[in-house]
Amino acid sequence: MGSGAALIPMVKADAYGLGVERAIEALDPLDPWGWGVATVEEGEELRRLGVERPILVVAPIPPGSYDDAVRAGLTLCLSDLEALDRLAEAAARWPTMADVTFHVEVDTGIGRAGFAAGTVDAWGPEVARRHGRRLRWTGCFTHLHSADVDEASVVEQKQRFERVLERLELPGNGGPGDFLVHLANSAGALRLGERLGRAVRPGIHLYGGRSGPGLPRPEPVMSVRARVVLCREVPPGTTLGYGATYRARTAERWATLGIGYGDGLPRALGNVGHALLAGERVPIMGRMSMDVTVVNISELDGVGPGDVATLVGRDGMEEIELDEVAEQTGTIGYEILTGLGRRLPRIWMDDDEA
Ligand SMILES: *Cc1c(COP(=O)(O)O)cnc(C)c1O
């Protein structure tokens with residue numbers, strides 16, 4: 001992270017699908033500066049869980065959500081002066097609440113949000129003018145668009161961001177105090193090392209997903225597992241699943257696993273993906289169903305109902321990486337994680353049990 005950089009773990013989307021309550025419990029000993037979420041509702045949920053640290057809402061919010069944000073003591077990230085007006089109005093409606101803080105997002109290329117870097121001289125003085133006792137400007141950041149694959153783009157966005165910072169009259173001149181400048185997501189942090197600024201906003205790296213090809217792989221922290229619910233010997237010609245896209249070539253042994261696309265496992269794994277059983281890799285056959293997936297265990301001995309299959313993670317010497325599943329299904333680890341369904345219980349284990 002670089003020496004002294006403040007940590008803002010991104011726990012949006014239920015901590016990337018893993019479960020926000022246990023995620024913040026696990027991360028809190030790192031003494032993060034605060035937590036990053038995407039919506040006011042996510043911030044409110046953290047407050048309900050008793051979180052007292054700052055909560056940064058990194059995405060723009062709908063016009064009707066500003067009062068809730070002020071009441072929950074959230075730090076909004078603003079992308080235009082209209083948002084600043086709405087926040088000022090909401091702050092005035094709740095005079096007994098603590099001072100209202102906000103960060104400014106600068107668009108250096110992500111395009112989806114942020115004040116435009118190119119027009120800083122138009123909006124910069126306006127933002128500085130609104131900074132006051134009740135409404136406090138406490139941070140400024142930008143978001144990298146290609147840090148996973150493109151080192152040069154990181155350098156370019158960082159330079160663009162620094163040119164904007166030079167034009168801004170930051171409260172306290174960006175010196176010590178509590179003004180926070182940040183730009184790095186996981187991939188950005190891994191690429192920038194010591195040069196990453198006052199704070200860093202890692203997400204995927206905390207949850208065991210790769211940040212990009214060639215970047216250091218994090219320690220895997222999650223697995224997706226399911227029980228074998230049925231084992232059958234089938235004669236040649238037996239068809240399998242919707243569309244009967246698989247047909248037993250010889251006498252085969254099949255195991256039905258109690259997990260399907262209804263649990264968030266991508267349906268595209270049908271006839272493509274694998275599971276681990278008894279430390280061995282076995283192919284997923286036929287189309288996946290909503291609730292069950294069938295694997296070929298003809299090569300395995302001694303597998304029976306109740307055994308645990310691994311769809312993502314390690315079993316003995318074998319491993320199915322999150323990013324392998326993502327690649328096989330044309331997506332990214334983030335989407336697999338955040339797509340895991342509510343029907344799958346999240347079971348948290350200490351290091352030595354996992
Ligand atoms: C989601 C998000 C991050 C975290 O990105 P990772 O690639 O998961 O590290 C950081 N900053 C912002 C603004 C985000 O929306």
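Numbering of ligands and ligand atoms starts at 1, following listing order.
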Item to check | Proximity of I204 to ligand 1 by residue part, where a heavy atom lies under 4.0 Å | outcome: both
Checklist entry - What is the minimum heavy-atom distance between F141 and H103, and which atoms define it? => result CD2-CB, 4.4 Å
Next on the checklist: Does any N or O of ligand 1 fall below 3.5 Å from an N or O anywhere on G203, backbone included?
Outcome noted: yes
Item to check | Expected output: side-chain S65 to main-chain I61 donor-acceptor under 3.5 Å | outcome: no
Item to check | Carboxylate-amine/guanidinium contact D14 R342, below 4.0 Å | outcome: no
Checklist entry - So, for S289 and Y242, which heavy atoms are closest and what is the spacing to 0.1 Å? => result OG-CE1, 3.8 Å
Item to check | Nearest atoms (heavy-atom pairs only) where R314 meets P220 | outcome: NH2-CG, 3.9 Å
Item to check | Top protein contact for atom 3 (C) of ligand 1, by heavy-atom distance | outcome: M10 CG, 3.6 Å
Checklist entry - Hey, looking at atom 4 (C) of ligand 1, which of Y334, Y16, Y207 has the closest heavy atom? => result Y16
Next on the checklist: To check your reading of the model: name the closest protein heavy atom to atom 5 (O) of ligand 1, its residue, and the distance in Å.
Outcome noted: N185 CB, 3.4 Å
Checklist entry - Hey, looking at atom 2 (C) of ligand 1, which of R201, R112, K12 has the closest heavy atom? => result K12
Item to check | Protein heavy-atom partner closest to atom 12 (C) of ligand 1 - residue, atom, separation in Å | outcome: H143 CE1, 3.3 Å
Next on the checklist: Within the 3.5 Å criterion, strictly below it, is a donor on R210 or H205 matched to an acceptor on the partner's side chain?
Outcome noted: no
Checklist entry - Taking distance alone, with no angle check, do F141 and ligand 1 share an N/O pair under 3.5 Å? => result no
Item to check | Per-atom contacts of ligand 1 with P202, taking only distances under 4.0 Å to non-hydrogen atoms | outcome: 9 (O)
Next on the checklist: Quick check: closest heavy atoms across W348 and G19, and the distance to 0.1 Å?
Outcome noted: CZ2-O, 3.7 Å
Item to check | Donor-acceptor under 3.5 Å (R198 side chain, F179 main chain) | outcome: yes
Checklist entry - Considering only heavy atoms, does S186 approach ligand 1 within less than 4.0 Å through its side chain, its backbone, both, or neither? => result both
Item to check | Distance-only N or O hit between ligand 1 and H205, under 3.5 Å | outcome: no
